[in-house]
Structure formats: structure tokens, C-alpha cells
Amino acid sequence: MMRLGLVFAGLLMAALPARAEPVTTFTLDNGMDVVVIEDHRAPVVVHMVWYRVGAADEPTGKSGIAHLFEHLMFKGTEKYSGEEFDQMIELNGGSDNAFTSLDYTGYFQRIAADRLELMMKLEADRMTGLILTEDQVVTERDVVLEERNERTDSDPGSLFGEQRNAAQYMNHPYAIPIIGWRHEIETLDLGDALSFYRTYYAPNNAILVVAGDVDPEEVRTLAETHYGPLEPSDLPPRIRPAEPPHLAERRLTFYDTRVAQPYVIRSYLAPERDPGNQSEAAALTYLADLLGGSGATSLMGERLQFDTQIAVYSTAFYRGMSVDDTTFGLLVVPSPGVTLPEAEAAMDDVIAEFLETGVDMEKFESLKMQLRASEIYARDSVQGLARRYGAALASGFSVEDVQSWPEVLQAVTPDDIMDAARNLFDKRRAVTGYLMKEEEPTQ
Amino acid sequence: MIRLLLGLLTALTLTAPARALDIKEITSPGGIDAWLVEAHDIPFTALEIRFKGGASLDPADKRGATNLMMGLLEEGAADRDARAFARDRDALAATYGFSASTDSLSVSARFLTENRDEAVELLRDALIAPRFDEDAIERVRQQVLASIRSDYKDPNTIAAQTFMTLAYGDHPYGSSMDGTEDSVATITRDDLIAAKAATMALDRVYVSAVGDITAEELGALLDRLLGDLPANGAPQAETATYLLSGGTTVTDFASPQSVAIFGHEGIARHDPDFFPAFVLSEVLGGGGYSSRLMEEVREKRGLTYGVYSYLAPRLLGALVMGQVASSNNRVAEAMDVIRAEWRRMAEEGLSEEELTAVKTYLTGAYPLRFDGNANIAGIMVGMQYQGLGTDYIDTRNDKVNAVTVEDIKRVAKRILLPDELHFVVVGQPEGLEVAN
């Protein structure tokens, strides 16, 4: 038996004409949450299973296990070998992949809508039925080390990002890169993988998102058949070490011979979207756009790229979807001949000017319009919508939080933005980094 | 293997899209052809415009002119300077994308039904009356130069560019369409005007639209949007001659990992053997399929995070290409495995079972592409650019299914040339025999 939850189809349509995707949610008896998003424009379905476990939930000293384990989920079960798993999907024209973030891990397939049941069969099977050998773990660990080589160690910008992040978080595991520190990846073994699997892979730690040309009632029946029999497990509480007060500004400089374009980047510790309370995060979303959204209309872009030619590029960024404290960032890539301290000073001038003069009303109205339109455009990608719900639910948010977010954004006032900005811009909570060219020694 | 067999049987029943796309071929009152799919469930339209030719039409001493020109279309047009243009675009919540490639220019637009006329009017200014203000030129030039300097330090770009230069020499395919620091520095406003006149003309334009718009509305829109473009552009560039032979070229780059780009001459899109070539290439190194290269290099040996190979049939010359990245002390082994797989496919082709499996994958995956207005608009403009008809969507899977084991064997021998494979390796590879 399933407890049928609220059916959200069209519930808020009158209040918010931008949203029309029909969404149905319910929870299986074993605790697995289910979200069904209907889009009947094409005979395609996206089937996703999200686990409420990410890199920030790893045991101390085992960084990278969440991501390595995501790779290992493709190695096969008693019923289907890894090769058969791939073949079953490919023989049906489907494609599949997976991803690991700080807060969640997800697996998904895109396939013809009438093949949904097969996907559920495969995904339910590997939720608890995975079989691993030491050899498989060792070979896949090599693949992950090559992935780290490719994505991080070959890219000074990524290495710099790891160092800045480690300085940003003094106690919280967001300090550790998702892929893991190399010296810790190198020691991960079969025991680590199995212990991680047994702890976190269970229906009561999972969210099923099915999006596309499907009937919610049919999805319910299929989910009950395939995921329903899986036993829930005792999950450890999701409590992570919190940040202590940040009392001292942090600054760092990273030199690398491979740097082509120096830049200055600063991140401030910032509040994330909280379940049931998303208004400060909504204000910060506007703030990022007002300061560093489009180059020709944001305050940083106008001051540094148009009124002066201090920068070739500038931007601001904020990602509110997070379990714990997130960051708000500013980046300036200086023009040739402009030093990083000069670029940083110009960036600080823009912040000071904004705090003094406040929100430009014309830009504010334009942003409101763009955020409303982005909800219309978002409906064109059912996979994007599926990710939105999956990421939110895996990060502890409710379906109501997801659905009210556009309204929360529309309700933001200029005063909210200024309050959020004044709370944010405290250098004691910031990390300022310079990425610089290391000149190669002359031989 | 009963499970697999069942999977196969059900898969074979998979056919073309359950709801076939209703593509309308329209001609505007002014004579501009376009493909349209009406989709009124979401109140916006995705519009794709493509011009054949692109950055290959740069004058030899002005490499980068077309790319810089495309970067400036949104930086001031008609009576608006760059900031006024951006302000009005943002207020309409329209998005415009302008990008150059070697063989074409792309304009992608997305606009709401509620302010469609204004959004089209603004886009028209960018396409018909860009200002190319001197301050905007300098600003965008600096951005392009920053990107060129970054490319000089990026192992993937260094490898790809080195390969293309060795393969095509002085032909435009042999150099980066971004230009060099030196060439970009010399581009003038007149060069940008000339680049636009050469590349953006009605004799080479393809259009598709998907969304909340009728055929009549689209016809009027296109006449307004594109009608004032010149009738003719510059003659297309000449065919590129492939200059490279088998071997290995190493470019020293301080990094823990080596990047290798490899390939040799390929097969044209219109070649009668293209479909067998496409099918076998998917098995060899396709991205969406458990390819032989991924199986041998990554799954079995853990030598890389990713290895791919693919057909690259460009307008003026075709390649078969591939890419791998592996630790400096393991890249030689990865390259040996790739060569061996290249040779095995060339000599043995595919078994009946392998061919059936990949056909089932390709034919099953095809209808899944037609998902979302923006996706469909992109696919449709690509089809027109390739010279395919709207009926191609219904016949494409038949062409895949018609490929036989004998076709594969013959074509594999023809298009996969293990002795011709040239590897460009960027990094500090160990134990590599370098021979050109």
C-alpha cells in the first residue's frame, strides 16, 4: 500500500500562470519518495533515482568514496552483470548516466516511455543487490584517478578552486572536493565501498523521479511492484559539523605555470535556501544578478567593462540549493596591464557603491520579468524539471518548497535585497584568491 | 542469456516516434524557406537560423574576423548601443545566441509569445544593422584575446589545434577560427563589415522554428527579420587537402596527464557508405554506447576516464577522429590498445550479433532525440543544412537497418586505416616512440 500524497497538478496555476507542469507525489510504505512529472509532448521518459547522500556525508579520511561508489554502481548484481545492465538499456535505445554532488548522488536513464518498467527493474535491483570484487574496485579507482587528472590536476583553475574551498569551510565537509583528495582516493578499497553502500543505499534514503509521457497511476503501480518490496534500513542522522564563527578574513594566492589569464575571485559564506524559509536566498539570487549577471547591465559589468576597461570579464554567482551554508562569489578577470590588487579594489568599489545607492528599480523589474520567463522556458526541458525536483528533495526540501520558489522570487523587494547584501558582505567570512602565472624559470 | 534475448525482441518492436512530428515546410511571402513545428502548449518560440560557410570564409590575413563579427552583433545595433540593447533584451526576457563555427554561423533565439514582435524587432536590428562601435570592438577584441591566450595553455585545445594544422596546413581548417593574438589585433571595423557581408546572406540561410507560432505568423516574422539581408554572400572556400600520414607528434606540456588527439582522413556525409561507416564508428568509439574503446581502455584496464572516436564529416573535408587522456606513464599503453582496436575493426568488422545490437540501439535512440522545442528546432535546422528532406526522420532508421555485416566489413576496411592513424600527444608522455 502506498500513502498517496498531495496531487499538485495545477493547484497553483491561478496564482502563478508560469507553472503548468502537472506534478504528482507520493511515498511508498518503505519510505521511498516518488515524484511524477507529466509531459506528453514526446514518447520519452526520464527515470531517476536520487540518494540523500553526497560527498559531504563521507566518513573522515575517505574522501571520494561517494563518487567512486557511484562508478561502482554500474558493476552488476547477481541478476544482471554490468555488461548486461548496459546492454538492456542500449538494446532499448536508452541512455544512462549518474552524478555525485556534495549533497546527493543520482542515477538516471532516458528511454522510450513504454520501457519504464525495465528501468525500474534494473534500478531497484542494484539499490541493494550489487556484487563487487576487489579487482573491480581497484580498476575503477584507476579510472577515477584519471578523472581527477583530467578534470582537476590538469586545470589550474580547478586546483585553485579546491584550495579556496578548503579555506572557505573551516569545519564543514564542504571543504573537501567531491572527487576526493588524491591521497585518500588512492587508499579506498572494497571494504570502504561496501560499508558506504550498506549504510546509505536503501529505499528510505532514495527519491524516485519519473518525468515524461507517463500516467502517474501507472507509475505508482510499477513503483509499488519494483521498489515496494525493498527493505528500509536504519539511516544515520544527517548531521554534519557546523562552521564556527568566521573571525578572520582569508586570502590566498595560487601560482601555476599553466595559468593563461590571472583573475581575482572572492567567495563569502552565505545562507542557503532553507526548507520553508527561502526568502533570504531569493534576495541573494537577485543580488548576484544585479551585481554580476549580464555583462552589459549588471553593476560590475557596467563599472568595470563599460565605464572603465579594468576588466575583460566579471561576474557574480550564487547557488541557493544546498543542505548547509553555501557561498556567494564575485569574479574579475582584469584587462592586460591591470594588476589583481587594482581589479580587487575596483570590485570593492562596486560593492560599496551598491550598498550606498541601492537597487536600480528598472533593473529590478527586468530581473523579475526574466525570472518569470525562466519558468516558462524551463518547461521545455522535462529532464531539467526532473533534476530540479530531485535535487531539492535529496537536499531535504519538500515539493511545496520547489513549487513556491518562483513565487518567493516574485515576492522579493528591493529592501530584502539590501538587507541580504548588508548581511552578506563581511570580509571576515570571505576568502579572496588570486590566480597567477608562475613564470617558468629560464634555462 | 534468455533475459537479453527478451530485451532484444521487445526492442525490435520499437519504431519511429509514436506521435510523428508534424513538420510544415513553409515559404514566407518574401521567399524565405523554413521548417515549422507548431507547439502551442508553452507560450514561447524557439527559432534557429544557420548560415552555411562560416569562419572558413575569413580572408587569410584576417583570421578571426568572422568570429569577432559574431561576437559583436549583440553589442549595439541601429539606435541602441550595447548597454541599451542588453537592457531591452533583458526586459523582454528574450535570449539570443550568436556563434561562429568553421562551417557555419548559428543564431538561436527564444522569445515569449506575449512580446514576440518586440523581441523579433530587436533581433532584426542585431542581424541587419549591427553598429560595430569602436569601443565595442575593443571590448570584445580583448575578450577574444583572453580566450586565445587561455587556449594556448589548454592541453585539449593545443592537441586539437596541432592536429588540424598538421592535417590541413594553410587551408582555413588548419588554423583556429578565433585567429591568433597577432591576427585579431589587426582586424578593423571594415573587416567586420566585410565578414558579415561574406557570411550572412540569403543564398545560404536555413531556418527552423518550433513553438507557439502559426505558419502565417512565422512567414511574416521571417520577412521582417531576414528580408533585408543581402541576396548573395562570398563563394564558399575550396575543399581542404589532407596532408598528414601515420605517426606520433608530441608537444611538451607540464601536466600529470597526456592528452592525445588521433585520426586520419574520413568519409563525407553524402558518401553512399556513410551509414555503414556511422554504424561501425558507434561500436568502435561512440559516446552513447558501450564502445569497444571504452571497454578495452577504460573498463578493462582503467587507463582513462574517457576515450571516444567519431566521424567528422565537415563541409570541406572529412576526418575520423578520436581523443583520450591518460597519465603520462600510461598513455603509451592506451595508444597501443586504441591502435589494436582500430586494426581489429578494420580487419574483422562486426559479428551479426554485434550489428543487430547496435542497430537496435541506434534506431531506438533516434526518436528520443525529438524532445523539447529548442532541441527539435536545432535538429531541423541541421537537417536542412545537411540537405536532408523532412521525410528523412521517417526513413533514417530504415537506412540504419539496411546495413549488413558485409557492408560493415567492406566499409571498415575502407575507412579505418590503422597505419594512417596520427596521434598528437600533449603532455610529458613516457615510453612513447615518436615517428612521423
Side-chain angles (χ1 to χ4, degrees), chain A residues 20 41-44 80 83-84 86-88 90-95 110-112 115 118 138-147 149-151 153-154 257-261 294-297 302 305-306 309 312-313 333 335-336 362 365-367 369-370 372-374 376-377 379-382, chain B residues 3-4 7-8 10-11 14 17-19 39 41-44 46 82-83 85-87 90-91 93 110 112 138-139 142-143 146 149-150 152-155 254-257 288-290 298-306 325-327 357 360-361 363-368 370-374:
Chain A
R41 294 179 300 156
V44 181
Y80 310 106
E83 205 178 329
E84 282 172 306
D86 289 339
Q87 281 174 350
M88 301 272 280
E90 285 167 1
L91 283 175
N92 287 283
S95 56
R110 236 178 87 84
I111 201 156
R115 302 302 141 89
L118 178 65
V138 169
T139 305
E140 203 57 34
R141 197 175 65 196
D142 280 346
V143 170
V144 167
L145 287 167
E146 290 294 353
E147 182 178 357
N149 271 337
E150 191 174 324
R151 294 187 160 174
D153 299 318
S154 293
T257 56
R258 297 168 296 181
V259 171
Q261 186 65 62
S294 127
T297 56
E302 290 213 62
Q305 293 169 246
F306 283 82
Q309 277 71 50
V312 287
Y313 178 71
V333 181
S335 298
E362 191 191 341
E365 290 302 330
S366 171
L367 272 178
M369 167 69 176
Q370 289 171 65
R372 182 172 70 79
S374 73
I376 295 175
Y377 295 138
R379 284 167 50 201
D380 196 35
S381 169
V382 69
Chain B
R3 282 189 305 268
L4 270 183
L8 189 62
T10 51
L14 206 61
R19 268 139 281 162
D41 21 25
I42 311 177
F44 84 100
R83 283 192 262 193
F85 187 95
R87 224 170 12 242
D90 289 354
R110 211 169 52 164
L112 302 175
E138 283 318 308
R139 191 173 55 251
Q142 290 307 323
Q143 290 165 355
R149 285 191 291 269
S150 296
Y152 291 163
K153 295 274 189 171
D154 174 50
S255 183
Q257 198 180 44
Y289 193 72
S290 7
R298 171 174 155 154
E299 299 300 326
K300 284 193 187 160
R301 295 175 178 82
L303 291 169
T304 188
Y305 174 57
S326 190
S327 291
T360 313
Y361 165 69
T363 53
Y366 186 62
L368 306 188
F370 299 88
D371 165 19
N373 296 356

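Atom set for the values below is all heavy atoms of this structure, side chains included, hydrogens, waters and symmetry mates excluded. Convention: sequence-line order gives letters A, B, ...; per-chain numbering from 1. Note that the structure is predicted; figures quoted are calculated from it, not measured.
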If you count heavy-atom pairs within less than 4.5 Å of chain A, which of Ala46(B), Ala82(B), Ala91(B), Ala39(B) leads? Ala91(B)
Of the backbone (N, CA, C, O) and the side chain (C-beta and beyond), which part of Ser154(A) lies under 4.5 Å from a heavy atom of chain B, both, or neither? both
Turns out that what part of Arg139(B) lies under 4.5 Å from chain A's heavy atoms comes down to side chain
Check: Gln143(B) side chain, Val312(A) main-chain N or O, donor-acceptor pair, under 3.5 Å: yes
Test your reading of the model: is there a side-chain donor-acceptor pair from Arg110(B) to the backbone of Tyr377(A), 3.5 Å cut-off? no
Can you tell which part of Phe306(A) gets under 4.5 Å to a heavy atom of chain B, answering side chain, backbone, both or neither? both
Student check: side-chain heavy atoms of Arg41(A) and Ile42(B) closer than 4.5 Å: yes
Where does Ser95(A) contact chain B at under 4.5 Å (heavy atoms): side chain, backbone, both or neither? neither
Quick one: pull up CD in Glu362(A) and CZ in Arg87(B) and give me the separation to the nearest 0.5 Å. 5.5 Å
Taking atom CG of Asp142(A) and atom OG of Ser327(B), what is their separation to the nearest 0.5 Å? 8.5 Å
Just by distance, do the side chain of Glu90(A) and the backbone of Ser290(B) share a donor-acceptor pair under 3.5 Å? yes
Can you name the nearest heavy-atom pair linking Gly302(B) to Val143(A), along with the distance? CA-CG2, 3.6 Å
What residue, out of Asp41(B), Asp371(B), Asp154(B), Asn373(B), has the most heavy-atom pairs lying under 4.5 Å from chain A? Asn373(B)
Rounded to the nearest 0.5 Å, what separation is found between the CG atom of Leu145(A) and the OG1 atom of Thr304(B)? 12.0 Å
Minimal heavy-atom distance between Arg258(A) and Ser255(B), with the atoms involved, is NH1-OG, 3.6 Å
Portion of Val333(A) that has a non-hydrogen atom of chain B nearer than 4.5 angstrom: neither
Between the side chain of Asp90(B) and the main-chain N/O of Thr297(A), is any donor-acceptor distance below 3.5 Å? no
Tell me, side chain or backbone of Glu299(B) under 4.5 Å from chain A's heavy atoms, or both, or neither? both
Partner chain A: residue of Lys300(B), Arg298(B), Arg301(B) with the largest heavy-atom pair count (under 4.5 Å): Arg298(B)
With sequence neighbours left out, what residues match Ser381(A) under side-chain contact (heavy atoms from CB on, under 4.5 Å)? Gln383(A)
How far apart are the closest heavy atoms of Ala260(A) and Lys153(B), and which atoms are they? CB-CG, 3.5 Å
Establish, from distance only, whether the side-chain atoms of Glu147(A) and Tyr305(B) form a donor-acceptor pair under 3.5 Å. yes
Choice from Arg110(A), Glu365(A), Gln309(A), Glu83(A) maximising heavy atom contacts with chain B below 4.5 Å: Arg110(A)
Donor-acceptor pair, distance only, cut-off 3.5 Å: does the side chain of Gln257(B) make one with the backbone of Glu146(A)? yes
Who wins among Gly372(B), Pro155(B), Ala86(B), Gly306(B) for the most heavy-atom pairs under 4.5 Å with chain A? Gly372(B)
If you compare all heavy atoms of Ala296(A) against all heavy atoms of Arg83(B), which two are closest, and at what distance to 0.1 Å? O-CG, 3.4 Å
Structural part of Glu302(A) lying under 4.5 Å from a heavy atom of chain B: both
What part of Arg141(A) is in contact with chain B, defined as an atom under 4.5 angstrom from a non-hydrogen atom: side chain, backbone, both or neither? neither
Looking only at heavy atoms, the pair that brings Gly93(A) and Leu368(B) closest together is O-CD1, 3.4 Å
With sequence neighbours left out, write down each residue that passes salt bridge (charged side-chain N to carboxylate O under 4.0 Å, His left out) with Asp86(A), or none if nothing qualifies. none
